[in-house]
Amino acid sequence: MNNVFSRVFAGVAVALLFYAVLAFGLFHSLNQVRYLQYQEERVEPLFSWLKVSPDERLEFLASILPKESEFHLLSLSDLSLSRLEQERLAYGQSLVVAHQSGLHAFAQTNSSHVFAAYFSDLPLESTLWSAKLIALQVRAVADEHREQTLQDLGAFFNMTPQLASLTELADWQTIKQSDFMNNGWALLPSQGRRGDTLVVAFDKEHYLKVDPIPTFNPWAWPVLLTLVVAGLLCIGATLYLLLDKLERRLRKLESVASRIARGELDARVDDSRFDAIGRLGTVFNRMAEHIQRLVGVQREMIHAVSHELRTPVARIRFGVQMIEDTPNEEMRAKQLAGIDHDIQELNELIDEILTYARLEQGGPILDFQEANVLDIVNQVVQEQQSVKPDMSITANISEGSERWKMSEIEPRYIHRSVQNLVGNATRYAKSKVIVNASFGSETCRVDVEDDGPGIPETDWEKVFTAFARLDDSRTRSSGGYGLGLSIVRRILYWHGGQAFVGRSDRLGGAKFSLVWPRKQPT
């Protein structure tokens with residue numbers, strides 16, 4: 001599944017990269033809008049004050065502003081504003097438009113006229129003008145009403161001004177030498193992080209102090225929360241798409257497994273893709289093929305076993321009846337010997353069936369160990385020569401092969417495979433059987449040749465089928481039960497090799513070959 005996780009991680013990484021670019025653009029765009037809104041909120045109190053009596057208050061404002069200040073009452077038709085901007089003005093909103101030279105602020109007074117102002121530093125300038133307006137209006141009232149007027153005007157202009165004596169100003173010694181005395185205002189560094197404190201001259205003995213002007217915060221929590229939520233949605237959508245595709249393929253695998261469970265053994269999974277799911281599908285298909293083959297083998301085995309058991313069972317039943325009807329002790333002993341032979345034959349048949357079933361249905365637990373294959377070949381030849389003394393059974397080893405005679409095998413099963421081939425060869429050979437051993441650094445090979453009638457090429461594959469007999473000459477006395485070569489093929493399969501049959505060019509009969517890797521994979 002590493003490939004699947006790699007694809008998921010790669011998809012998430014791509015999604016994160018895409019989201020990082022998108023988040024940067026979104027963050028920049030949101031802050032542009034928020035910055036203009038921030039500017040509009042700063043200028044809104046001043047425009048609200050001007051709307052009360054536009055002509056009179058604009059003239060008053062011009063009298064207290066520097067000569068270079070730009071503040072006008074213009075006709076709406078003189079401005080090149082978009083439809084959306086005009087609608088915002090019509091709804092009573094203040095409008096701030098960014099230009100390369102600064103900020104232009106607008107506020108509509110009626111259906112045809114608009115306040116237009118130019119700012120180089122809008123928060124400071126709008127706050128300064130509002131503070132000067134407060135100072136002028138507070139000076140115009142009696143001393144006993146100043147505090148209340150100061151609170152009312154502060155609430156109107158959205159600030160908290162305080163009136164104090166100049167001698168109480170901690171930085172008075174610093175600012176009295178600055179432009180404060182000429183311009184009538186100064187900025188004092190604030191101890192906090194909110195910005196500078198604005199002080200405006202009130203009279204010769206007092207000043208008006210305004211709390212630090214709120215600065216624009218690009219890292220406001222609503223923006224960050226929006227970006228985090230958008231990022232989670234982006235990553236979640238990516239994971240959903242990747243895992244949904246994975247789930248659909250797993251559901252197909254589940255569907256095929258259900259079909260096999262219902263008996264549709266030919267159902268297979270699409271394993272055309274070279275990824276983890278594709279490899280899983282390949283393994284699943286191999287498993288399904290193995291199950292299908294096992295079911296077929298089981299069916300054939302049941303049929304063949306039932307057929308093989310009938311004859312010895314029938315002979316045993318016949319022998320029992322003969323014993324019952326035969327008073328002669330000699331005949332009775334003969335029948336008992338025949339029954340014993342039939343029982344021995346049943347035991348051998350059962351042993352062959354169990355061995356074949358164990359090798360066919362998942363394989364035995366093989367104890368691979370380093371063993372001398374040449375010694376096993378020579379041992380089998382000696383054993384068979386003692387059984388068939390009238391036949392020539394020889395073992396040959398290829399030149400230069402002896403140094404590779406050690407191989408990782410299960411000695412008992414390799415011995416049985418070679419013994420089975422040599423035993424079959426002695427049954428059908430006329431007089432000669434040759435066992436050739438050839439070993440290399442990678443593979444081991446054992447060939448068994450005889451001078452018998454051989455096997456037709458059309459039957460070369462059939463001989464390895466369980467319970468297969470090629471002709472009537474393969475009787476129980478010569479041909480066994482038809483399981484030997486099937487067992488040999490399965491032994492070689494579990495050793496990572498193969499068994500096959502051909503024609504002997506040297507002797508003219510059959511040639512059976514065993515080939516397997518000298519070292520088992522770890």
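Since the structure is predicted, the reported quantities are computational estimates derived from the model, not experimental observations.
Applying the salt bridge (charged side-chain N to carboxylate O under 4.0 Å, His left out) test to residues at least two apart or on different chains, the pairs with a partner in residues 215-244 are Asp244-Arg248.
Interatomic distance, Leu89 CG to Leu95 CG, rounded to the nearest 0.5 Å: 5.0 Å. A distance of 10.0 Å separates OG1 in Thr426 from CG in Asp390, rounded to the nearest 0.5 Å. Of the inter-residue distances, the one linking Glu41 atom CD with Gln39 atom CD reads 10.0 Å to the nearest 0.5 angstrom. Atom CG of Asp121 and atom CZ of Arg42 lie 12.0 Å apart (nearest 0.5 Å). Rounding to the nearest 0.5 Å places CZ of Arg268 at 10.0 Å from CZ of Arg259. Distance check, rounded to the nearest 0.5 Å: CG of Leu250 to CG of Leu280 gives 7.5 Å.
Put simply, the side chain of Ser504 gets close to the backbone of Leu507: a donor and an acceptor are under 3.5 Å apart. In this structure, the side chain of Ser255 does not engage the main chain of Arg251 through any donor-acceptor pair within 3.5 Å. With hydrogens and angles disregarded, no donor-acceptor distance shorter than 3.5 Å links the side chain of Thr443 to the backbone of Phe439. Side-chain N or O atoms of Asp450 include none that pairs as donor or acceptor with a backbone N or O of Val433 at under 3.5 Å. Side-chain atoms of Gln385 come within 3.5 Å of backbone atoms of Met391 as a donor-acceptor pair (strictly under, hydrogens ignored). In this structure, the side chain of Ser401 does not engage the main chain of Ser438 through any donor-acceptor pair within 3.5 Å. Between the side chain of Arg489 and the backbone N or O of Ala499, at least one donor-acceptor pair lies under 3.5 Å. At distances below 3.5 Å, at least one donor-acceptor pair connects side-chain atoms of Gln520 with backbone N or O atoms of His495. Within the 3.5 Å criterion, the main-chain N or O of Glu383 finds a donor-acceptor partner in the side chain of Ser386. Between the side chain of Ser126 and the main chain of Leu122, a donor-acceptor pair closer than 3.5 Å is present.
The ring-ring contact (aromatic ring centres under 6.0 Å, His included) search around Phe119 returns Trp129, not counting sequence neighbours. Taking the salt bridge (charged side-chain N to carboxylate O under 4.0 Å, His left out) definition, one finds that Arg286 meets it with nothing, sequence neighbours left out. With sequence neighbours excluded, the residues satisfying salt bridge (charged side-chain N to carboxylate O under 4.0 Å, His left out) with Asp447 are Arg445. Contacts of Trp221 classified as ring-ring contact (aromatic ring centres under 6.0 Å, His included), with partners at least two apart in sequence or in another chain: none. Under the salt bridge (charged side-chain N to carboxylate O under 4.0 Å, His left out) criterion, Arg88 pairs with Glu40, not counting sequence neighbours. Qualifying side-chain hydrogen bond (donor to acceptor under 3.5 Å, both in side chains) partners for Arg262, counting only residues two or more places apart in sequence or in other chains: none. For the side-chain hydrogen bond (donor to acceptor under 3.5 Å, both in side chains) test, no residue two or more places apart in sequence or in another chain qualifies with Glu402. Every residue meeting the side-chain hydrogen bond (donor to acceptor under 3.5 Å, both in side chains) condition with Ser82, not counting sequence neighbours, appears here in chain and number order: Glu85. For Glu87, the salt bridge (charged side-chain N to carboxylate O under 4.0 Å, His left out) partners two or more places apart in sequence, or in a different chain, are Arg83. Not counting sequence neighbours, the partners of Phe27 by the ring-ring contact (aromatic ring centres under 6.0 Å, His included) test are Trp219.
Side-chain contact check for Tyr35 versus Pro218: every heavy-atom pair is 4.5 Å or farther apart. In this structure, Leu492 and Ser417 have side chains that are in contact, with non-hydrogen atoms separated by less than 4.5 Å. Counting heavy atoms from C-beta outward, Ile260 and Phe284 have side chains that approach closer than 4.5 Å. Between Val435 and Thr394, the closest side-chain pair of non-hydrogen atoms is not below 4.5 Å. Looking only at side-chain heavy atoms (C-beta outward), Gln32 and Leu36 stay at 4.5 Å or farther from each other. Side-chain contact between Val269 and Lys252 is absent, with no heavy-atom pair separated by less than 4.5 Å. Within the 4.5 Å cutoff, the side chain of Val448 has no heavy atoms near those of the Lys511 side chain. Val97 is not listed as a side-chain neighbour of Leu103, based on a closest heavy-atom distance of 4.5 Å or more.
No salt bridge links Arg416 with Glu410; every basic N to acidic carboxylate O contact stays at or beyond 4.0 Å.
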query: Between Ser513 and Val446, is a side-chain contact (heavy atoms from CB on, under 4.5 Å) present by the stated rule, with each step listed?
result: CA-CA 6 Å; Ser513 301; Val446 176; over 6 Å; no

query: Checking side-chain contact (heavy atoms from CB on, under 4.5 Å) for the pair Arg518/Glu442: CA distance, chi angles, key distance, verdict?
result: CA-CA 5 Å; Arg518 201 172 71 87; Glu442 299 293 333; over 6 Å; no

message: Ile487 vs Asn420, test: side-chain contact (heavy atoms from CB on, under 4.5 Å). Steps then yes/no.
response: CA-CA 9 Å; Ile487 292 174; Asn420 188 290; 5.7 Å; no

- request: Give the intermediate values and the outcome of side-chain contact (heavy atoms from CB on, under 4.5 Å) for residues Phe512 and Val422.
  value: CA-CA 9 Å; Phe512 285 87; Val422 176; over 6 Å; no

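Using a 3.5 Å distance cut-off with no hydrogens or angles, the side chains of Gln292 and Asp266 do not pair a donor with an acceptor.
When all heavy atoms of Gly497 and Pro517 are compared, the pair lying nearest together is N-CD, 4.1 Å. In plain terms, the two heavy atoms of Tyr428 and Asn424 that are nearest each other are CD1-O, 3.1 Å.
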Which atom pairs, one a donor and one an acceptor, fall under 3.5 Å between side chains of residues 368-376 and the rest of the protein, sequence neighbours left out?
residue : atom : partner : partner atom : Å
Glu370  : OE1  : Lys519  : NZ           : 3.4
Glu370  : OE2  : Lys519  : NZ           : 3.3
Asn372  : OD1  : Leu374  : N            : 3.0
Asn372  : OD1  : Asp375  : N            : 3.1
Asn372  : ND2  : Asp375  : OD2          : 3.2

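Between Phe106 and His104, the angle of the ring planes goes over 60°, which puts this pair in the perpendicular group of the 30/60° scheme.
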